[in-house]
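Worksheet: the structure to be examined is printed underneath.
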Amino acid sequence: MITRAIGPDAAPARQVCPVNSHDEWDPLEEVIVGRLDGAAIPSDHPVVTCNIPGMTGRAQSLLAGFRYPKIMIEPAQRELDGFIALLQSFGVVVRRPEPVEHKKHFSTPEWSSCGFCNSCPRDSMLVIGDEIVETPMAWPCRYFETHSYRPILKDYFRRGARWTAAPRPQLTSELFDAQFRPPKKGEPISYILTEFEPVFDAADFVRCGRDLFVTRSNVTNASGIEWLRRHLGDGYRIHEIESRCPNPMHIDTTILPLGPGKILINPEYIDVDRLPAILKKWDILVAPEPDPITDRMLKITSLCGKWLNMNVLMVDEKRVIVDPHHTGTMRAMEKWGFEPIPCEFLHYAAFGGAFHCATLDVRRHGTLESYF
């Protein structure tokens, strides 16, 4: 993309746009990686607690708004530092958000909250080609989360990227079903969100060139999906994936494209016979059962479900970063023709995710294509 300079801070003429990412597998060149500084336990709100499993959810309700203790921060930080060093060893440019004290309170005319953390840039921003979209997230504690990324976003904008913010949601009580309870086994899937206004997390979408796949969830409603569909226009197609997850939140532990014609699926959440017809010709790679977590501290502090073995990051079409704890997943990747690269990351689950969540791939070496 060629840009024209307008004013002293605009992009110089003929500078190549720094943002270019169309899928999940082209060779990775630049990425934003999350930060743990100043992290606070997320606020006690029904849209938060409905997605946090078991004992962790009860502890979160009691400790909401307090800083994460060092016993949780320090091992996760060591893993994060190792992950960043690994990416840099591949020649990937790593950008980081500003440190923030998330314990600070903020408010709108309708409600108040404290923050959460900057651990997962994949949730708050969606990269489509040369555009970064700030998403209208449903967790009140994440209302201002993208502000810590603003220096990076301003830099990308000056250098030619498109920068869009979806309508900032009100997050009033009308958005949340006061009668909601997570469905029990065998009951139809239901959601805490109403259609009062569009909300969505970027992590409920994955990209395959001109086709995007999405799961409706407890942070993404039908109005949010429709907003993005209209925003992207006729050049893109958005396909909804049916998930059987009883507390759905984020697609990357449900399905994840690993390369052209190859998609990883969660056998517990996905009925292969009900996948969109366009995926029928792709290789459906069934994720192995996650290796169990035996460490009691890891089990009671994780904000995530058990399927984080699927939450991997493609460096290119061949290399994939996987936690070595998940030996079954490592072996499966080799069987499918990938080169798994081990990197310890289990402690990061206490802050909301794993490799895919912790990153936002800003530039991959590739062009916009249609794979279907």
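Note that the structure is a prediction, hence the values are computed from the model and not measured.
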How close do [X] and [Y] get, heavy atom to heavy atom, and via which atoms?
X      : Y      : result
Lys70  : Pro75  : O-CD, 4.0 Å
Glu30  : Tyr156 : OE2-OH, 2.7 Å
Asp201 : Thr135 : CA-OG1, 4.3 Å
Asn118 : Pro97  : CB-CG, 3.9 Å
Pro182 : Cys50  : CG-O, 4.5 Å
His45  : Pro140 : CD2-CG, 3.7 Å

[X] (side chain) donor-acceptor with [Y] (main chain) under 3.5 angstrom:
X      : Y      : value
Lys103 : Ile41  : no
Asp291 : Gly328 : yes
Asn218 : Ile192 : yes
Glu131 : Ile128 : no
Arg159 : Val19  : no
Arg210 : Gly235 : yes
Asn221 : Thr194 : yes

Does the side chain of Thr215 come under 3.5 Å of the side chain of Thr254 through a donor N or O and an acceptor N or O?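 Thr254 and Thr215 do not have a side-chain donor-acceptor pair below 3.5 Å.
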
Have Thr108 and Gln170 got a donor and an acceptor in their side chains that come within less than 3.5 Å?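 No, no side-chain donor-acceptor pair sits under 3.5 Å.
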
Ion pair [X]/[Y], N-O distance below 4.0 Å:
X      : Y      : answer
Asp361 : Arg122 : yes
Asp283 : Lys262 : no
Glu226 : Arg229 : yes

Do the two ring centres, one from His102 and one from Phe116, sit under 6.0 Å apart?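 Aromatic pair excluded; centres sit 6.0 Å or further apart.
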
Is it the case that the ring center of Phe205 lies less than 6.0 angstrom away from the ring center of Phe200?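 Yes.
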
Would you say that [X] contacts [Y] through its side chain, given a criterion of any heavy-atom pair below 4.5 Å between the two side chains?
X      : Y      : value
Glu24  : Arg207 : yes
Trp139 : Asp123 : no
Cys208 : Trp282 : yes

Qualifying residue for salt bridge (Lys or Arg N to Asp or Glu O under 4.0 Å) with Arg150, from Glu98, Glu134, Glu145: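 Testing Arg150 for a salt bridge (Lys or Arg N to Asp or Glu O under 4.0 Å) against Glu98, Glu134, Glu145 leaves exactly one candidate, Glu134.
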
Using the rule side chain to side chain donor-acceptor pair (under 3.5 Å), only one of Arg162, Arg363, His22 pairs with Asp130; which is it?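 The single option meeting the side chain to side chain donor-acceptor pair (under 3.5 Å) with Asp130 is Arg162.
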
